[in-house]
Amino acid sequence: MNSANPTPTQTRLQSSALGGLRVIDFTHFIAGPMATMILADAGADVIKVEKPKGDDQRYFAPSEARLDGQGASFLWANRNKRSITLDLKTDAGRAIAQALVRDADVVVENFTSRVMTQYGLDFETLSRDNPRLIYCSVSAFGRSGEFADRAGFDTIMQAESGFMSLTGYADRDGVRTGPAVMDMACAMMASNAILIALAARHRTGLGQHVDVPLFDTGVLMTGFMTAQYLFSGKVPRRNGNVSNDAVPSGVFPTADHPLFITCTSTSLFRRLFIDVLKMPDVGNDPELQRIDGRLAQRERVIEILNRVFATDTRENWLKRLDAAKVPAGAVRTLPEALESREVQARGLVTQVPHPTAGSVPNVALPLHFSGTPVVPPVAAPMLGQHTDEVLREVLGYSEEKVRELRALGALGLT
(Lines give C-alpha, C1' and ligand atoms only; values in the text may rest on other atoms or scores of the structure.)
Protein backbone atom coordinates (compact mmCIF):
# COMPACT_ATOMS: atom_id res chain seq x y z
CA MET A 1 0.00 0.00 0.00
CA ASN A 2 1.11 3.56 -0.67
CA SER A 3 1.67 5.21 2.71
CA ALA A 4 2.37 8.74 1.42
CA ASN A 5 -1.31 9.66 1.42
CA PRO A 6 -3.06 6.92 3.39
CA THR A 7 -6.72 6.22 2.69
CA PRO A 8 -9.21 5.72 5.53
CA THR A 9 -8.81 1.96 5.13
CA GLN A 10 -5.02 2.21 5.31
CA THR A 11 -5.19 4.47 8.36
CA ARG A 12 -7.43 1.99 10.20
CA LEU A 13 -5.13 -0.94 9.44
CA GLN A 14 -1.64 0.53 9.45
CA SER A 15 -0.72 -0.20 13.10
CA SER A 16 -2.06 -3.77 13.01
CA ALA A 17 -0.05 -6.99 12.71
CA LEU A 18 -0.89 -7.49 9.02
CA GLY A 19 -1.32 -3.85 8.05
CA GLY A 20 -0.05 -3.35 4.48
CA LEU A 21 -0.95 -6.90 3.41
CA ARG A 22 -3.52 -7.13 0.62
CA VAL A 23 -5.63 -10.26 0.18
CA ILE A 24 -7.90 -10.90 -2.80
CA ASP A 25 -10.65 -13.21 -1.57
CA PHE A 26 -12.53 -15.29 -4.15
CA THR A 27 -14.05 -17.60 -1.53
CA HIS A 28 -17.64 -18.36 -0.57
CA PHE A 29 -19.58 -20.33 2.07
CA ILE A 30 -17.61 -20.91 5.32
CA ALA A 31 -14.07 -22.34 5.23
CA GLY A 32 -12.55 -19.82 2.81
CA PRO A 33 -14.31 -16.73 4.18
CA MET A 34 -13.43 -17.58 7.77
CA ALA A 35 -9.76 -18.04 6.80
CA THR A 36 -9.64 -14.60 5.19
CA MET A 37 -11.58 -13.05 8.08
CA ILE A 38 -8.84 -14.17 10.46
CA LEU A 39 -6.36 -12.28 8.26
CA ALA A 40 -8.71 -9.30 8.09
CA ASP A 41 -9.07 -9.19 11.87
CA ALA A 42 -5.27 -9.04 12.07
CA GLY A 43 -5.30 -6.01 9.78
CA ALA A 44 -4.95 -7.34 6.24
CA ASP A 45 -6.88 -5.42 3.57
CA VAL A 46 -9.17 -8.21 2.39
CA ILE A 47 -11.05 -7.46 -0.83
CA LYS A 48 -13.89 -9.94 -1.24
CA VAL A 49 -14.68 -10.50 -4.91
CA GLU A 50 -18.29 -11.61 -5.29
CA LYS A 51 -20.35 -12.68 -8.26
CA PRO A 52 -23.15 -10.25 -9.18
CA LYS A 53 -25.65 -12.10 -6.95
CA GLY A 54 -23.13 -12.39 -4.13
CA ASP A 55 -21.72 -15.17 -1.99
CA ASP A 56 -24.40 -17.86 -1.59
CA GLN A 57 -23.81 -17.69 2.17
CA ARG A 58 -25.57 -14.32 2.13
CA TYR A 59 -28.84 -16.13 1.45
CA PHE A 60 -28.67 -18.98 3.94
CA ALA A 61 -31.90 -19.35 5.91
CA PRO A 62 -33.40 -17.94 7.92
CA SER A 63 -33.63 -14.59 6.17
CA GLU A 64 -33.55 -11.44 8.28
CA ALA A 65 -35.64 -8.39 7.41
CA ARG A 66 -33.06 -6.04 8.95
CA LEU A 67 -30.49 -7.45 6.51
CA ASP A 68 -32.73 -6.88 3.48
CA GLY A 69 -33.70 -10.54 3.42
CA GLN A 70 -30.19 -11.93 3.72
CA GLY A 71 -29.12 -14.38 6.44
CA ALA A 72 -27.16 -13.58 9.58
CA SER A 73 -24.64 -16.38 8.95
CA PHE A 74 -22.83 -14.25 6.35
CA LEU A 75 -22.01 -11.69 9.04
CA TRP A 76 -20.21 -14.32 11.10
CA ALA A 77 -17.33 -14.98 8.66
CA ASN A 78 -16.97 -11.79 6.63
CA ARG A 79 -16.32 -8.83 8.91
CA ASN A 80 -13.49 -6.36 8.29
CA LYS A 81 -13.58 -6.97 4.52
CA ARG A 82 -14.39 -4.85 1.49
CA SER A 83 -16.84 -6.26 -1.08
CA ILE A 84 -16.73 -5.70 -4.79
CA THR A 85 -18.88 -7.37 -7.43
CA LEU A 86 -17.36 -8.63 -10.67
CA ASP A 87 -18.86 -10.66 -13.47
CA LEU A 88 -15.98 -12.98 -14.22
CA LYS A 89 -17.81 -14.27 -17.28
CA THR A 90 -17.00 -10.99 -19.00
CA ASP A 91 -13.60 -10.08 -20.42
CA ALA A 92 -13.62 -6.76 -18.55
CA GLY A 93 -14.55 -8.44 -15.27
CA ARG A 94 -11.70 -10.94 -15.57
CA ALA A 95 -9.29 -8.14 -16.48
CA ILE A 96 -10.21 -6.28 -13.28
CA ALA A 97 -9.68 -9.41 -11.17
CA GLN A 98 -6.29 -10.02 -12.76
CA ALA A 99 -5.32 -6.38 -12.20
CA LEU A 100 -6.26 -6.62 -8.52
CA VAL A 101 -4.05 -9.67 -8.10
CA ARG A 102 -1.06 -8.15 -9.89
CA ASP A 103 0.12 -6.25 -6.81
CA ALA A 104 -1.60 -8.35 -4.15
CA ASP A 105 0.15 -10.45 -1.53
CA VAL A 106 -2.36 -13.28 -1.20
CA VAL A 107 -5.15 -14.87 -3.22
CA VAL A 108 -7.56 -17.27 -1.55
CA GLU A 109 -10.09 -19.29 -3.55
CA ASN A 110 -12.34 -22.31 -3.08
CA PHE A 111 -13.73 -22.89 -6.55
CA THR A 112 -12.72 -25.93 -8.58
CA SER A 113 -9.37 -25.82 -10.37
CA ARG A 114 -11.24 -25.87 -13.66
CA VAL A 115 -13.13 -22.66 -12.85
CA MET A 116 -10.07 -20.66 -11.84
CA THR A 117 -8.13 -21.84 -14.90
CA GLN A 118 -11.06 -20.97 -17.14
CA TYR A 119 -11.02 -17.40 -15.83
CA GLY A 120 -7.23 -17.04 -16.05
CA LEU A 121 -7.07 -16.85 -12.27
CA ASP A 122 -5.09 -20.03 -11.58
CA PHE A 123 -1.78 -19.94 -9.74
CA GLU A 124 0.37 -20.66 -12.79
CA THR A 125 -1.12 -17.75 -14.73
CA LEU A 126 -1.17 -15.22 -11.90
CA SER A 127 2.28 -16.05 -10.53
CA ARG A 128 3.91 -15.22 -13.88
CA ASP A 129 3.06 -11.55 -13.33
CA ASN A 130 3.36 -11.70 -9.54
CA PRO A 131 6.04 -14.22 -8.48
CA ARG A 132 5.68 -13.12 -4.82
CA LEU A 133 2.02 -14.18 -4.75
CA ILE A 134 0.79 -16.59 -2.07
CA TYR A 135 -2.09 -18.50 -3.66
CA CYS A 136 -4.20 -20.56 -1.26
CA SER A 137 -6.73 -23.09 -2.52
CA VAL A 138 -9.29 -24.33 -0.01
CA SER A 139 -10.45 -27.51 -1.71
CA ALA A 140 -12.58 -30.54 -0.93
CA PHE A 141 -10.14 -33.37 -1.69
CA GLY A 142 -7.03 -31.50 -2.81
CA ARG A 143 -5.98 -29.87 -6.06
CA SER A 144 -4.09 -32.94 -7.29
CA GLY A 145 -4.80 -36.65 -7.60
CA GLU A 146 -7.81 -38.62 -8.73
CA PHE A 147 -10.28 -36.79 -6.45
CA ALA A 148 -9.23 -33.25 -7.39
CA ASP A 149 -12.53 -32.51 -9.14
CA ARG A 150 -14.77 -34.10 -6.53
CA ALA A 151 -17.05 -31.73 -4.63
CA GLY A 152 -17.57 -31.90 -0.90
CA PHE A 153 -18.97 -30.04 2.09
CA ASP A 154 -18.45 -30.07 5.84
CA THR A 155 -20.90 -32.87 6.59
CA ILE A 156 -19.52 -35.06 3.79
CA MET A 157 -16.08 -34.71 5.35
CA GLN A 158 -17.44 -35.57 8.79
CA ALA A 159 -18.88 -38.75 7.27
CA GLU A 160 -16.01 -39.86 5.03
CA SER A 161 -13.10 -39.01 7.34
CA GLY A 162 -14.42 -41.33 10.07
CA PHE A 163 -15.11 -38.37 12.35
CA MET A 164 -18.86 -39.05 12.41
CA SER A 165 -18.26 -42.65 13.45
CA LEU A 166 -16.65 -41.38 16.65
CA THR A 167 -19.49 -39.07 17.66
CA GLY A 168 -22.70 -40.17 19.38
CA TYR A 169 -23.84 -43.25 21.30
CA ALA A 170 -22.83 -46.85 20.76
CA ASP A 171 -26.41 -48.12 20.30
CA ARG A 172 -27.13 -45.97 17.24
CA ASP A 173 -25.44 -44.58 14.14
CA GLY A 174 -22.76 -41.93 14.49
CA VAL A 175 -23.95 -38.34 14.24
CA ARG A 176 -22.60 -35.14 12.75
CA THR A 177 -21.76 -32.20 14.95
CA GLY A 178 -24.16 -29.27 14.88
CA PRO A 179 -21.55 -26.58 14.13
CA ALA A 180 -19.57 -26.90 10.89
CA VAL A 181 -16.40 -28.06 12.62
CA MET A 182 -14.61 -29.22 9.44
CA ASP A 183 -15.13 -25.87 7.73
CA MET A 184 -13.91 -23.99 10.79
CA ALA A 185 -10.90 -26.26 11.30
CA CYS A 186 -10.02 -25.97 7.62
CA ALA A 187 -10.28 -22.18 7.86
CA MET A 188 -7.81 -22.15 10.74
CA MET A 189 -5.48 -24.47 8.82
CA ALA A 190 -5.70 -22.23 5.75
CA SER A 191 -4.95 -19.03 7.66
CA ASN A 192 -1.97 -20.76 9.31
CA ALA A 193 -0.77 -22.04 5.95
CA ILE A 194 -0.94 -18.55 4.44
CA LEU A 195 1.06 -17.08 7.32
CA ILE A 196 3.65 -19.87 7.00
CA ALA A 197 3.95 -19.19 3.26
CA LEU A 198 4.37 -15.47 3.97
CA ALA A 199 7.16 -16.27 6.43
CA ALA A 200 8.84 -18.40 3.75
CA ARG A 201 8.48 -15.56 1.25
CA HIS A 202 10.27 -13.28 3.69
CA ARG A 203 13.30 -15.58 3.36
CA THR A 204 13.08 -16.58 -0.31
CA GLY A 205 11.34 -13.62 -1.93
CA LEU A 206 9.00 -16.02 -3.72
CA GLY A 207 5.37 -16.95 -3.33
CA GLN A 208 3.88 -20.41 -3.69
CA HIS A 209 0.68 -22.40 -4.10
CA VAL A 210 -0.85 -23.64 -0.84
CA ASP A 211 -3.51 -26.38 -0.97
CA VAL A 212 -5.63 -26.97 2.16
CA PRO A 213 -8.19 -29.76 1.64
CA LEU A 214 -11.27 -30.25 3.81
CA PHE A 215 -10.84 -34.03 3.70
CA ASP A 216 -7.28 -33.94 4.97
CA THR A 217 -8.46 -31.64 7.74
CA GLY A 218 -11.25 -34.09 8.55
CA VAL A 219 -8.83 -36.98 8.99
CA LEU A 220 -6.68 -34.82 11.26
CA MET A 221 -9.76 -33.88 13.28
CA THR A 222 -10.33 -37.49 14.29
CA GLY A 223 -7.59 -36.64 16.77
CA PHE A 224 -5.51 -38.99 18.86
CA MET A 225 -8.09 -41.75 18.35
CA THR A 226 -6.50 -42.24 14.92
CA ALA A 227 -3.07 -42.75 16.48
CA GLN A 228 -4.55 -45.18 19.00
CA TYR A 229 -6.23 -47.21 16.24
CA LEU A 230 -3.15 -47.23 13.99
CA PHE A 231 -1.05 -48.41 16.92
CA SER A 232 -3.37 -51.06 18.34
CA GLY A 233 -5.80 -51.95 15.54
CA LYS A 234 -8.67 -51.51 18.02
CA VAL A 235 -11.61 -49.53 16.64
CA PRO A 236 -12.62 -46.70 19.02
CA ARG A 237 -16.08 -46.98 20.50
CA ARG A 238 -18.72 -44.25 20.55
CA ASN A 239 -19.57 -43.50 24.16
CA GLY A 240 -21.79 -40.43 23.94
CA ASN A 241 -20.75 -37.95 26.61
CA VAL A 242 -18.54 -40.50 28.36
CA SER A 243 -14.81 -40.49 27.61
CA ASN A 244 -13.01 -43.55 26.28
CA ASP A 245 -9.98 -42.86 28.43
CA ALA A 246 -11.06 -40.93 31.54
CA VAL A 247 -13.28 -41.94 34.46
CA PRO A 248 -15.27 -40.14 35.59
CA SER A 249 -16.05 -37.94 32.59
CA GLY A 250 -19.45 -36.95 31.30
CA VAL A 251 -22.78 -35.32 32.05
CA PHE A 252 -24.28 -35.78 35.51
CA PRO A 253 -27.71 -34.63 36.71
CA THR A 254 -27.95 -32.54 39.86
CA ALA A 255 -30.99 -31.47 41.87
CA ASP A 256 -31.84 -28.96 39.15
CA HIS A 257 -29.54 -28.72 36.09
CA PRO A 258 -26.87 -31.00 34.60
CA LEU A 259 -23.13 -30.43 34.85
CA PHE A 260 -20.13 -31.84 33.00
CA ILE A 261 -17.12 -33.15 34.84
CA THR A 262 -13.80 -34.57 33.65
CA CYS A 263 -11.14 -36.29 35.75
CA THR A 264 -8.21 -37.13 33.48
CA SER A 265 -5.80 -38.19 36.22
CA THR A 266 -5.72 -40.08 39.49
CA SER A 267 -5.01 -36.87 41.41
CA LEU A 268 -8.18 -35.29 40.04
CA PHE A 269 -10.17 -38.45 40.80
CA ARG A 270 -8.93 -38.39 44.41
CA ARG A 271 -9.62 -34.67 44.75
CA LEU A 272 -13.19 -35.19 43.55
CA PHE A 273 -14.05 -38.00 45.93
CA ILE A 274 -11.98 -36.97 48.96
CA ASP A 275 -12.14 -33.16 48.92
CA VAL A 276 -15.47 -32.48 47.19
CA LEU A 277 -17.69 -35.47 47.86
CA LYS A 278 -16.17 -36.38 51.25
CA MET A 279 -15.99 -40.06 50.25
CA PRO A 280 -12.40 -41.08 51.14
CA ASP A 281 -13.30 -44.76 50.98
CA VAL A 282 -13.88 -44.38 47.23
CA GLY A 283 -11.05 -41.92 46.67
CA ASN A 284 -8.58 -44.25 48.40
CA ASP A 285 -9.93 -47.49 46.91
CA PRO A 286 -6.81 -49.41 45.69
CA GLU A 287 -8.71 -50.69 42.65
CA LEU A 288 -9.41 -47.11 41.50
CA GLN A 289 -5.89 -45.68 41.76
CA ARG A 290 -5.06 -46.48 38.11
CA ILE A 291 -6.99 -45.54 34.98
CA ASP A 292 -7.38 -49.18 33.94
CA GLY A 293 -9.09 -49.93 37.23
CA ARG A 294 -11.42 -46.94 36.91
CA LEU A 295 -12.29 -47.89 33.33
CA ALA A 296 -13.14 -51.40 34.51
CA GLN A 297 -15.44 -49.98 37.20
CA ARG A 298 -16.88 -47.11 35.16
CA GLU A 299 -20.52 -48.05 35.86
CA ARG A 300 -19.91 -48.21 39.61
CA VAL A 301 -18.27 -44.74 39.63
CA ILE A 302 -21.04 -43.24 37.50
CA GLU A 303 -23.77 -44.70 39.72
CA ILE A 304 -22.16 -43.15 42.81
CA LEU A 305 -21.86 -39.75 41.16
CA ASN A 306 -25.42 -39.78 39.83
CA ARG A 307 -26.71 -40.52 43.31
CA VAL A 308 -24.56 -37.94 45.13
CA PHE A 309 -24.86 -35.07 42.66
CA ALA A 310 -28.65 -35.36 42.80
CA THR A 311 -28.59 -34.21 46.43
CA ASP A 312 -27.75 -30.56 45.69
CA THR A 313 -28.01 -27.89 43.01
CA ARG A 314 -25.63 -27.41 40.11
CA GLU A 315 -24.53 -23.99 41.33
CA ASN A 316 -23.53 -25.36 44.73
CA TRP A 317 -21.66 -28.30 43.25
CA LEU A 318 -19.79 -26.08 40.80
CA LYS A 319 -18.63 -23.85 43.64
CA ARG A 320 -17.23 -26.86 45.51
CA LEU A 321 -15.65 -28.34 42.40
CA ASP A 322 -14.04 -25.03 41.51
CA ALA A 323 -12.67 -24.61 45.03
CA ALA A 324 -11.04 -28.05 44.75
CA LYS A 325 -9.75 -27.30 41.22
CA VAL A 326 -11.68 -30.18 39.69
CA PRO A 327 -12.53 -29.36 36.03
CA ALA A 328 -16.31 -29.02 35.71
CA GLY A 329 -18.87 -26.82 34.00
CA ALA A 330 -22.54 -26.19 33.49
CA VAL A 331 -24.22 -27.88 30.53
CA ARG A 332 -25.62 -24.73 28.94
CA THR A 333 -27.97 -23.94 26.13
CA LEU A 334 -26.63 -21.55 23.49
CA PRO A 335 -28.55 -18.58 24.98
CA GLU A 336 -27.23 -19.45 28.44
CA ALA A 337 -23.67 -19.58 27.13
CA LEU A 338 -23.92 -16.26 25.27
CA GLU A 339 -25.41 -14.56 28.33
CA SER A 340 -22.91 -16.09 30.75
CA ARG A 341 -20.55 -14.15 32.97
CA GLU A 342 -17.62 -15.79 31.16
CA VAL A 343 -18.73 -14.42 27.76
CA GLN A 344 -19.35 -11.01 29.29
CA ALA A 345 -15.99 -10.99 31.09
CA ARG A 346 -14.16 -11.81 27.86
CA GLY A 347 -16.16 -9.28 25.82
CA LEU A 348 -16.84 -11.95 23.20
CA VAL A 349 -20.22 -10.67 21.98
CA THR A 350 -20.63 -7.05 20.96
CA GLN A 351 -22.69 -4.91 18.61
CA VAL A 352 -21.15 -3.16 15.59
CA PRO A 353 -22.73 -0.60 13.22
CA HIS A 354 -24.36 -1.85 10.03
CA PRO A 355 -25.52 0.17 6.97
CA THR A 356 -29.11 -1.14 6.93
CA ALA A 357 -29.67 -2.91 10.26
CA GLY A 358 -28.37 -0.10 12.45
CA SER A 359 -26.22 -2.54 14.38
CA VAL A 360 -25.55 -6.27 14.26
CA PRO A 361 -24.09 -8.75 16.76
CA ASN A 362 -20.42 -9.64 16.51
CA VAL A 363 -18.50 -12.59 17.99
CA ALA A 364 -14.77 -11.96 18.50
CA LEU A 365 -11.91 -14.27 17.61
CA PRO A 366 -9.91 -15.73 20.52
CA LEU A 367 -6.78 -13.79 19.50
CA HIS A 368 -5.15 -11.34 21.89
CA PHE A 369 -1.90 -9.52 21.13
CA SER A 370 -0.10 -7.18 23.50
CA GLY A 371 1.58 -5.13 20.77
CA THR A 372 -0.58 -5.44 17.65
CA PRO A 373 -4.18 -6.02 18.70
CA VAL A 374 -6.81 -7.13 16.23
CA VAL A 375 -8.48 -4.26 14.41
CA PRO A 376 -11.79 -2.84 15.64
CA PRO A 377 -14.59 -4.89 14.06
CA VAL A 378 -16.42 -3.56 11.03
CA ALA A 379 -19.57 -5.45 10.00
CA ALA A 380 -19.51 -7.73 6.97
CA PRO A 381 -19.99 -5.58 3.87
CA MET A 382 -23.13 -5.17 1.87
CA LEU A 383 -22.93 -6.77 -1.57
CA GLY A 384 -20.64 -4.63 -3.74
CA GLN A 385 -20.45 -1.94 -1.08
CA HIS A 386 -16.85 -1.05 -1.90
CA THR A 387 -16.73 -1.66 -5.66
CA ASP A 388 -16.20 1.96 -6.70
CA GLU A 389 -13.86 2.62 -3.76
CA VAL A 390 -11.59 -0.32 -4.55
CA LEU A 391 -11.45 0.41 -8.27
CA ARG A 392 -10.49 4.03 -7.62
CA GLU A 393 -8.13 3.44 -4.68
CA VAL A 394 -6.40 0.20 -5.64
CA LEU A 395 -6.43 0.36 -9.45
CA GLY A 396 -6.55 4.13 -9.89
CA TYR A 397 -9.62 4.08 -12.15
CA SER A 398 -11.38 7.36 -12.82
CA GLU A 399 -15.10 7.88 -12.22
CA GLU A 400 -15.60 7.78 -15.98
CA LYS A 401 -13.75 4.46 -16.25
CA VAL A 402 -15.91 2.96 -13.48
CA ARG A 403 -19.06 4.12 -15.28
CA GLU A 404 -17.83 2.51 -18.50
CA LEU A 405 -17.14 -0.78 -16.75
CA ARG A 406 -20.56 -0.69 -15.15
CA ALA A 407 -22.18 -0.11 -18.53
CA LEU A 408 -20.24 -3.07 -19.95
CA GLY A 409 -21.65 -5.32 -17.21
CA ALA A 410 -18.19 -6.06 -15.80
CA LEU A 411 -19.35 -5.10 -12.31
CA GLY A 412 -22.55 -7.08 -12.52
CA LEU A 413 -24.66 -4.00 -11.86
CA THR A 414 -26.70 -1.84 -14.22
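Since the structure is predicted, the reported quantities are computational estimates derived from the model, not experimental observations.
Pairs engaging residues 147-188 under the ring pair (Phe, Tyr, Trp, His ring centres under 6.0 Å) rule: F29-F153 [sequence neighbours left out]. Sorted by first then second residue, the ring pair (Phe, Tyr, Trp, His ring centres under 6.0 Å) pairs that include residues 283-318, not counting sequence neighbours, are F252-F309, F309-W317. Among residues at least two apart or in separate chains, ring pair (Phe, Tyr, Trp, His ring centres under 6.0 Å) pairs with a member in residues 263-294 are F269-F273.
For the side chain to side chain contact (heavy atoms under 4.5 Å, CB included) test, no residue two or more places apart in sequence or in another chain qualifies with F231. Legend: residues meeting ring pair (Phe, Tyr, Trp, His ring centres under 6.0 Å) with H209, ordered by chain and number and at least two apart, are F123, Y135.
For E315, the CD atom is loosely surrounded, since the number of other residues' heavy atoms within 6.0 Å does not exceed 12. Heavy atoms of other residues, nucleotides or ligands lying less than 6.0 angstrom from CG of D281 number more than 12. Annotation for Y229: atom OH does not count as buried by contact number, only 12 or fewer foreign heavy atoms lying within 6.0 Å. Within a 6.0 Å sphere centred on CE of M221, heavy atoms belonging to other residues, nucleotides or ligands number more than 12. Residue-environment remark: CZ (R172) exceeds the threshold of 12 foreign heavy atoms within 6.0 Å.
Put simply, the side chain of T125 never gets that close to the backbone of L121: no donor and acceptor are under 3.5 Å apart. Using a distance-only test at 3.5 Å, with no hydrogens or angles considered, no donor-acceptor pair links the side chain of E64 to the main chain of R66. Remark: the backbone N or O of L321 is not paired with any side-chain donor or acceptor of K325 at under 3.5 angstrom. Judged by distance alone, with hydrogens and angles left aside, the side-chain atoms of S265 form a donor-acceptor pair with the main-chain N or O of L268 at under 3.5 Å.
Evaluated for a side chain to side chain contact (heavy atoms under 4.5 Å, CB included) with L277, the options L305, V282, V326 yield exactly one hit, L305. Among the candidates T222, V235, N239, the single residue satisfying the side chain to side chain contact (heavy atoms under 4.5 Å, CB included) test with L166 is T222.
Between V212 and C136 the shortest heavy-atom distance is CG2-SG, 4.2 Å. Here the shortest heavy-atom pairing between T217 and C186 reads CG2-N, 3.6 Å. Nearest heavy-atom pair across T313 and A255 is N-CB, 4.0 Å. The shortest non-hydrogen separation linking S137 to E109 is OG-OE2, 2.5 Å. Across all non-hydrogen atoms, the minimal contact from A357 to L67 is CB-CD2, 4.1 Å. Among all heavy-atom pairs drawn from D183 and D154, the shortest one is N-OD2, 2.9 Å.
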Run the side-chain contact (heavy atoms from CB on, under 4.5 Å) check on M188 and I38 step by step: do they pass? CA-CA 8 Å; M188 289 183 271; I38 293 171; 4.2 Å; yes
Please determine whether side chain to side chain donor-acceptor pair (under 3.5 Å) holds for the pair R270 and Q289, giving the CA-CA distance in whole Å, both sets of side-chain angles, and the decisive distance to 0.1 Å. CA-CA 8 Å; R270 290 174 57 81; Q289 300 309 299; 3.2 Å; yes
In sequence, state the C-alpha distance, the side-chain angles, and the governing distance for Q57 and S73, and then conclude on side-chain contact (heavy atoms from CB on, under 4.5 Å). CA-CA 7 Å; Q57 189 71 18; S73 61; 3.0 Å; yes
Quick one: do S249 and T262 satisfy side chain to side chain donor-acceptor pair (under 3.5 Å)? Show the steps, please. CA-CA 4 Å; S249 178; T262 296; 3.3 Å; yes
Go through L133 and D105 one step at a time and tell me if the side-chain contact (heavy atoms from CB on, under 4.5 Å) criterion holds. CA-CA 5 Å; L133 181 68; D105 296 285; over 6 Å; no
Tell me, with the steps shown, if I134 and L198 meet side-chain contact (heavy atoms from CB on, under 4.5 Å). CA-CA 7 Å; I134 307 300; L198 286 167; 3.8 Å; yes
I'd like to know whether K81 forms a salt bridge (Lys or Arg N to Asp or Glu O under 4.0 Å) with E50, so could you lay out the CA-CA distance, the side-chain angles of the two residues, the decisive distance to 0.1 Å, and finally the verdict. CA-CA 12 Å; K81 302 179 185 180; E50 300 190 65; over 6 Å; no
Determine whether E342 and R332 satisfy the following criterion, salt bridge (Lys or Arg N to Asp or Glu O under 4.0 Å), listing intermediate values before the conclusion. CA-CA 12 Å; E342 289 84 355; R332 293 169 172 160; 2.9 Å; yes
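Salt bridge status for R406 with D388: present, with a side-chain N to carboxylate O gap under 4.0 Å. Checked for salt-bridge contact, D55 and R58 miss the test: no charged N lies under 4.0 Å from a carboxylate O. The residues D285 and R300 are annotated as salt-bridged, a charged nitrogen and a carboxylate oxygen being separated by less than 4.0 angstrom. A salt bridge does not link R94 with D87: none of the charged nitrogens is closer than 4.0 Å to a carboxylate oxygen. A salt bridge does not link R238 to D171: none of the charged nitrogens lies less than 4.0 Å from a carboxylate oxygen.
In the model, R294 has a side-chain atom that pairs as donor or acceptor with a side-chain atom of T266 under 3.5 Å.
How far OG1 of T85 is from NZ of K48: 12.5 Å, rounded to the nearest 0.5 Å. For the atom pair D211 CG and R143 CZ, the distance stands at 6.5 Å (nearest 0.5 Å). Residue M182 holds its CE atom at 8.5 Å from CE of M164, rounded to the nearest 0.5 Å.
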Which pairs would a plain distance check flag for residues 360-385, meaning a side-chain donor or acceptor within less than 3.5 Å of a matching protein atom at least two apart in sequence or in another chain?
from	atom 1	to	atom 2	distance (Å)
N362	OD1	R79	NH1	2.9
H368	NE2	R346	NH2	3.3
Q385	OE1	M382	N	2.8

